Amino acid sequence: MRLYIDSADVKKIEYLNTYYPIAGVTTNPSIIVKENRPYLELLKDIRAAIGDEKELFVQVIGDTAEEMVEESKYIRNQLTGNIVMKIPVTEEGIRAIKLLTADNIPTLATTIYTSFQALVAAMAGAKFVAPYVNRMDNLTIDGVKVVSEIAALYKNYGIETEILAASFKNVQQVYDVCLAGAQTVTVGPDLIEKFIAFPATENDVQVFKTEWQKVYGLDKNSLVGS
Ligand code: E4P
């Protein structure tokens, strides 16, 4: 499983990238505008925070395939490193995915609500698809079930497109899509921090330390030598 940060908050990205096994960062227009900064400068700061190797996902806003392709080329020229263009699964988006794929530009098909959209996007050449789990759940479409159907379809057809599940509001949804066959997930900072938080763990660590100190004292060098 690969984990992406779904955020454009540079400070949080720096922190999470230091502490967690992070594969990259995903953004969308709503995430970018929250930072209220010139967007290219912001994207460059995100790139600096994660380095050139890790993937940075940037979404187009154009209506036509030509506009999406033009934006994609512009963004990729302005930024360094591994950039994946996020393209919505509209008819124009599917055409853009075909054009970008023919040009060796990696794409993620976004705003996925049905497994058939994911199949068509993969056939067009998308490297990733992003099913919107919580947004589906809010429409009484079972988001986790859609992820497992996409995984089954890709297996049936030997498709290598990866499922990058997105839109989560709780850790259970993230866990369930991992079991359902998503290779990757993108999750907001607040939820990532909840992945490992567990009171019993904190308690155990404290008990181990207290017991140790009863015998060996409070000297920090009692384990590593002085
Ligand atoms: C990811 O790339 C999506 O744009 C994002 O996860 C949507 O999440 P939301 O439904 O919480 O806005």
Side-chain angles (χ1 to χ4, degrees), residues 1-10 12-13 16-17 20 22-36 39 42-43 46-47 49-50 54-63 68 71-72 75-76 79 81-90 93-94 96-97 100 105-115 117-118 121-122 126-147 150 161-178 180-195:
M1 203 269 270
R2 291 200 311 288
L3 172 63
Y4 295 89
I5 308 170
D6 201 22
S7 172
D9 181 327
V10 178
K12 286 191 177 161
I13 290 168
L16 291 167
N17 191 43
Y20 290 84
I22 297 298
V25 169
T26 61
T27 64
N28 66 30
S30 309
I31 286 173
I32 298 264
V33 297
K34 262 190 224 161
E35 303 306 311
N36 202 16
Y39 79 96
L42 174 62
L43 290 169
I46 296 174
R47 169 54 79 212
I50 61 173
K54 297 185 179 183
E55 289 145 322
L56 173 57
F57 293 72
V58 184
Q59 189 163 329
V60 297
I61 53 159
D63 294 322
M68 295 180 202
E71 269 178 63
S72 299
I75 298 272
R76 286 169 56 85
L79 300 173
N82 201 348
I83 307 287
V84 181
M85 296 311 303
K86 291 178 67 179
I87 314 287
V89 282
T90 58
I94 293 295
I97 289 170
L100 290 166
I105 295 178
T107 58
L108 171 145
T110 193
T111 58
I112 300 249
Y113 286 81
T114 76
S115 42
Q117 288 177 321
K127 189 172 178 198
F128 302 89
V129 288
Y132 277 13
V133 177
N134 191 65
R135 293 193 195 199
M136 280 189 252
D137 287 353
N138 283 341
L139 297 170
T140 67
I141 302 167
D142 184 339
V144 174
K145 186 159 172 263
V146 169
V147 169
I150 297 170
T161 301
E162 291 193 333
I163 302 169
L164 190 155
S167 179
F168 296 105
K169 284 295 163 283
N170 59 64
V171 178
Q172 187 69 49
Q173 290 171 326
V174 181
Y175 181 65
D176 288 343
V177 299
C178 294
Q183 291 90 350
T184 69
V185 292
T186 186
V187 184
D190 296 353
L191 219 50
I192 291 177
E193 289 175 58
K194 290 193 168 78
F195 281 7

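Values below: all heavy atoms of this structure, side chains included; hydrogens, waters and symmetry mates excluded. Values in this document were obtained by computation on a predicted structure and should not be read as measured data. First listed ligand is number 1; within each ligand, the first listed atom is number 1.
Here is the list of ligand 1 atoms found below 4.0 Å of a heavy atom in N28: 3 (C), 4 (O), 5 (C). Close contacts between ligand 1 and K86 involve ligand atoms 1 (C), 2 (O), 4 (O) [criterion: under 4.0 Å to a heavy atom]. Under a 4.0 Å criterion applied to the non-hydrogen atoms of R135, ligand 1 contributes the atoms 7 (C), 9 (P), 10 (O), 12 (O).
Formation of a donor-acceptor pair under 3.5 Å by the T107 side chain with backbone atoms of I97 is not found in this model. K54 places no side-chain N or O within 3.5 Å of a backbone atom of V25 that could act as its donor or acceptor partner. The backbone N or O of P189 lies less than 3.5 Å from no partner atom in the side chain of S7, so there is not a single donor-acceptor pair.
V187 pairs with exactly one of F195, Y20, Y4 by the side-chain contact (heavy atoms from CB on, under 4.5 Å) rule, that one being F195. When V177, V146, V185, V129 are each tested for a side-chain contact (heavy atoms from CB on, under 4.5 Å) with I163, only one passes: V129.
A heavy-atom separation below 4.0 Å is found between K169 and ligand 1. A heavy-atom separation below 4.0 Å is found between D6 and ligand 1.
Here the CD1 atom belonging to I192 is positioned 10.5 Å from the CZ atom belonging to F168, to the nearest 0.5 angstrom.
For S167, a nitrogen or oxygen atom sits less than 3.5 Å from a nitrogen or oxygen atom of ligand 1, counting backbone and side chain alike.
Shortest contact from atom 3 (C) of ligand 1 to any protein heavy atom: Y132 OH, 3.4 Å.
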